[in-house]
Asks: 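Please read through the structure below; I'll follow up with questions.
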Amino acid sequence: MTRYVLFAALGIAALAAPFQVYPILLMTILCFVVFAASFNLLLGFAGLLCFGHAMFFGTAAYIAGWLLKNTAITIELAFLAATLAMAVLGYLVGLISARRGGIQFAMITFAIAQFIYFLLLRAPFTGGEDGMQGIPRSALFGVINVSSSFTLYYLILAITVLAIAAVYRIVHSPFGEVLRAIRDNEARVDSLGFNPVQFKILAITLSAGLAGLAGAMKATVFQIATLHDVSWHVSGTIIFMTLLGGLGTLAGPVVGAALVVVLHDYLAHFGEWALIIQGSVFLAVILFMRQGIVGAAKALYRRVVVRS
Amino acid sequence: MSVAITTAAPTNPAPEGDYVLEARGLSKSFGGFHAVRNVDLKVKRGSIHALIGPNGAGKTTCFNLLSKILTPTEGQVLFDGQDITGLRSAQVARLGLVRSFQISATFPHLTCLENVRVALQSSYGIAYSFWRSLRALDSLNDRAMQLLAQVGLKAQADLLATELSYGKKRALEIATTLAMDPKVMLLDEPTAGMGREDVEPITDLIREVSPGRTILIVEHNLSVVANLCERITVLQHGEILTEGTYGEVSSNPDVITAYMGGVDDE
């Protein structure tokens with residue numbers, strides 16, 4: 001019951017937010033919520049630390065941007081195309097990397113991401129260091145005008161809700177159950193007659209697609225796609241957001257992404273100090289809330305409610 | 001010879017005798033070290049067979065070779081008359097040769113019900129359905145609860161496996177293995193690290209689930225072996241020292257020598 005009240009309150013807040021808060025900031029949060037949720041699907045539910053997740057995010061931004069700039073494609077089809085393209089890329093990355101676990105998986109994905117970074121740096125259509133600028137916000141379904149940030153916000157919000165619902169479904173599906181078992185004990189899953197590598201490849205494919213969706217959304221929010229979105233800084237930021245919010249929980253990436261984006265925005269005028277403050281926050285969470293903010297809140301809730 | 005053979009191997013119309021699992025000239029070396037050397041082992045269908053030996057005798061390596069975790073340097077493994085030497089562990093599991101692990105191998109952050117259900121999913125055929133609700137698995141719940149009840153974990157169905165005691169984790173693991181409905185269960189030291197109060201229930205449990213199956217166990221605890229196993233193979237230095245009933249084996253002077261020095265004198 002409290003859960004539904006919470007959801008309703010959150011829904012109303014999300015709908016009312018752009019009247020009070022700068023829509024671009026809100027949309028940035030939502031893009032990173034989807035991105036962090038996709039990362040969490042891998043690390044939190046499959047036990048795979050991808051240290052190159054920005055490759056899906058940044059590349060998708062270029063793909064969506066190029067399509068919107070150079071073709072008459074509508075915005076939702078651009079999102080879809082970028083999502084599918086990144087799912088294909090994720091499948092290929094999975095084929096190469098899924099046999100490895102732990103730090104080896106992290107290093108392989110990092111290497112592939114760096115390779116893609118330099119590929120995009122050299123590619124003629126990306127605009128190199130300048131980035132791809134002036135990406136239009138084409139009409140939704142060709143009829144609904146979303147060129148203002150205020151209306152675009154509602155589209156981005158709707159897609160975010162769908163994306164989180166998709167993650168929820170994946171985690172709570174027959175596939176998700178096996179995936180969580182692989183996270184807990186891969187050798188045992190193998191001994192039960194499954195091929196864990198196939199499951200991990202599918203998980204990487206789905207996660208990459210979602211990360212691509214996030215990147216495509218970001219391209220329309222800022223109307224620019226840059227190399228920074230493909231860089232390892234962004235790969236690191238997404239790990240930071242997910243761990244801060246709480247690994248392996250559905251709310252964790254939402255909280256983590258919102259907090260980090262707001263923190264970035266708020267601390268912007270502190271210059272270099274912003275990084276130091278951000279680092280301190282991260283350190284404090286790692287030391288005192290090893291399950292992340294949502295994990296710690298859950299534990300507290302359990303202690304207070306179950307005890308009484 | 002009185003045991004009826006219920007399933008004939010498809011590739012071999014005349015299964016040899018009534019041996020469900022057979023190792024022929026099995027060897028495994030790591031670098032220059034011969035962990036297992038030329039082991040010939042035959043496990044009779046429907047029996048509880050033990051593999052014992054002092055520490056470092058190659059029991060676990062042998063076990064890993066039989067369950068296809070390791071690939072032998074030389075030799076063959078036959079299951080139900082079929083050569084499984086080239087198959088992967090997941091493939092032999094689907095054929096009905098399922099193993100447990102020495103360290104407790106549950107899925108700690110899954111509930112007990114989910115632990116068992118994962119194994120049931122193995123033959124259910126929708127394990128890749130990422131778009132379907134967990135309700136699609138509801139029809140497996142009855143069977144999962146039945147298995148949990150069989151090992152005395154019905155009341156704990158919704159607990160996370162990590163919250164169980166050590167002995168109960170072992171029971172959960174056996175329920176998970178049983179969910180595969182294995183023809184042969186390979187149990188790696190099922191009572192390792194257990195207090196006395198847990199050893200007996202697990203021993204009883206193994207006996208209880210044995211009808212209709214073949215069980216091969218690696219075990220340190222000789223009293224467990226004595227009252228559970230019909231046939232015992234003793235390994236030493238990677239080779240078979242002797243084989244027989246507990247009475248035969250325990251009176252064999254070579255075995256007594258091998259076990260001298262207090263390696264394992266329980």
Side-chain angles (χ1 to χ4, degrees), chain A residues 38 41-47 87 90-91 94 99 162 165-210 246-249 291 295 298-299 302 306, chain B residues 64 67-69 87-111 113-138 140 160-162 173 176-182 185-186 188:
Chain A
S38 80
L41 181 61
L42 271 193
L43 184 58
F45 296 104
Y91 177 73
R99 276 168 213 290
L162 286 178
V167 173
Y168 178 85
R169 173 41 48 88
I170 293 168
V171 170
H172 297 94
S173 70
F175 168 74
E177 189 170 276
V178 179
L179 198 63
R180 285 178 285 135
I182 291 171
R183 171 197 66 192
D184 279 7
N185 193 334
E186 185 172 342
R188 181 58 169 160
V189 174
D190 180 82
S191 83
L192 295 177
F194 295 101
N195 184 353
V197 173
Q198 299 295 330
F199 285 85
K200 290 198 276 184
I201 290 175
L202 180 52
I204 297 164
T205 305
L206 294 169
S207 171
L210 278 170
L247 202 57
T249 62
Q291 310 290 310
K298 269 188 177 172
R302 222 172 289 145
V306 177
Chain B
N64 286 341
S67 60
K68 307 305 304 155
I69 300 282
L87 299 186
R88 295 181 347 95
S89 58
Q91 293 172 307
V92 301
R94 285 179 173 274
L95 290 176
L97 176 68
V98 184
R99 68 166 290 166
S100 77
F101 288 79
Q102 195 165 348
I103 45 162
S104 181
T106 58
F107 305 116
H109 303 290
L110 267 57
T111 65
L113 183 80
E114 287 177 317
N115 263 270
V116 177
R117 202 167 58 186
V118 166
L120 291 172
Q121 270 214 55
S122 178
S123 55
Y124 198 56
I126 59 165
Y128 289 104
S129 307
F130 61 84
W131 59 91
R132 291 170 84 153
S133 148
L134 274 178
R135 255 169 281 147
L137 298 177
D138 276 356
L140 297 177
L160 294 182
T162 182
E173 197 192 317
T176 308
T177 306
L178 283 174
M180 299 292 291
D181 196 18
M185 284 171 82
L186 303 171
D188 194 0

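Here is how names work: the chains are called A, B, and so on, in the same order as the sequence lines, proteins then strands, and each is numbered from 1. Both backbone and side-chain heavy atoms feed into the values below; hydrogens, waters and symmetry mates do not.
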Asks: Please state whether the side chain, the backbone, both or neither of A:Leu179 comes within less than 4.5 Å of a heavy atom of chain B.
Replies: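 When you check distances to chain B, no heavy atom of A:Leu179 falls under 4.5 Å.
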
Asks: Between atom CZ of B:Arg88 and atom CG of A:Asp190, what is the distance when rounded to the nearest 0.5 Å?
Replies: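 Between atom CZ of B:Arg88 and atom CG of A:Asp190 there are 5.5 Å.
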
Asks: Does CD belonging to A:Gln291 count more than 12 external heavy atoms closer than 6.0 Å?
Replies: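 12 or below, so no.
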
Asks: Quick one: of B:Ser123, B:Ala127, B:Ala93, B:Ser89, who has the most non-hydrogen atom pairs under 4.5 Å with chain A?
Replies: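 Among the listed options, the one with the most contacts to chain A is B:Ala127.
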
Asks: Of the backbone (N, CA, C, O) and the side chain (C-beta and beyond), which part of A:Ala187 lies under 4.5 Å from a heavy atom of chain B, both, or neither?
Replies: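 Looking at A:Ala187, backbone and side chain both touch chain B.
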
Asks: For the NE2 atom of B:His109 and the CZ atom of A:Arg183, what is their distance to the nearest 0.5 Å?
Replies: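 It comes to 6.5 Å.
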
Asks: So for B:Ile126, is it side chain, backbone, both, or neither that comes closer than 4.5 Å to the heavy atoms of chain A?
Replies: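 Both backbone and side chain of B:Ile126 come within 4.5 Å of chain A.
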
Asks: Atom OG of B:Ser133 and atom NE2 of A:His172: how far apart are they, to the nearest 0.5 Å?
Replies: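 NE2 of A:His172 is found 10.0 Å from OG of B:Ser133.
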
Asks: Looking only at heavy atoms and a cut-off of under 4.5 Å, which of B:Gln121, B:Arg135, B:Arg94 has the most pairs with chain A?
Replies: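 So the answer, after comparing B:Gln121, B:Arg135, B:Arg94, is B:Gln121.
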
Asks: Check whether B:Thr176 gets within reach of chain A through its side chain, its backbone, both or neither, counting any heavy atom under 4.5 Å.
Replies: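 B:Thr176 touches chain A through backbone and side-chain heavy atoms alike.
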
Asks: Where is the tightest heavy-atom contact between A:Asn185 and B:Phe107, given as atom of each residue plus distance?
Replies: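 Where A:Asn185 meets B:Phe107 most closely, the heavy atoms are O-CE2, 3.5 Å.
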
Asks: To the closest 0.5 Å, what do you measure between CG (A:Leu202) and OH (B:Tyr128)?
Replies: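 Answer for the CG-OH pair, A:Leu202 versus B:Tyr128, is 8.0 Å.
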
Asks: In terms of heavy-atom contacts, does OH of A:Tyr91 have more than 12 from other residues, nucleotides or ligands at under 6.0 Å?
Replies: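 No, OH of A:Tyr91 has 12 or fewer neighbouring heavy atoms, counting only those of other groups under 6.0 Å.
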
Asks: For the candidates B:Ser122, B:Ala119, B:Ala179, which exhibits the highest count of non-hydrogen atom pairs separated by less than 4.5 Å from chain A?
Replies: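 Most heavy-atom pairs within the cutoff with chain A belong to B:Ser122.
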
Asks: Output the distance between atom CZ (B:Arg132) and atom CD1 (A:Ile170), rounded to the nearest 0.5 Å.
Replies: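 One finds 15.5 Å between CZ of B:Arg132 and CD1 of A:Ile170.
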
Asks: Is B:Gln91 in contact with chain A via its backbone, its side chain, both, or neither, using a 4.5 Å heavy-atom distance?
Replies: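 Neither part, no heavy atoms under 4.5 Å.
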
Asks: If you round to the nearest 0.5 Å, how far is CG of B:Asn115 from CZ of A:Arg188?
Replies: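 Reported value, rounded in 0.5 Å steps: 9.0 Å.
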
Asks: So which part of B:Ser67 gets closer than 4.5 Å to some heavy atom of chain A, the side chain, the backbone, both or neither?
Replies: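 Contact with chain A: none, neither part.
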
Asks: Specify the closest pair of heavy atoms between A:Pro174 and B:Ser129, including all atoms of both residues, with the distance to one decimal.
Replies: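 That closest heavy-atom pairing would be CD-O, 3.4 Å.
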
Asks: Which bit of A:Val189 is near chain B, if near means a heavy-atom gap under 4.5 Å: side chain, backbone, both or neither?
Replies: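 Both parts, backbone and side chain.
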
Asks: Quick one: closest heavy-atom pair of B:Leu137 and A:Glu177, and the distance?
Replies: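 Closest approach of B:Leu137 to A:Glu177, heavy atoms only: CD1-OE2, 3.7 Å.
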
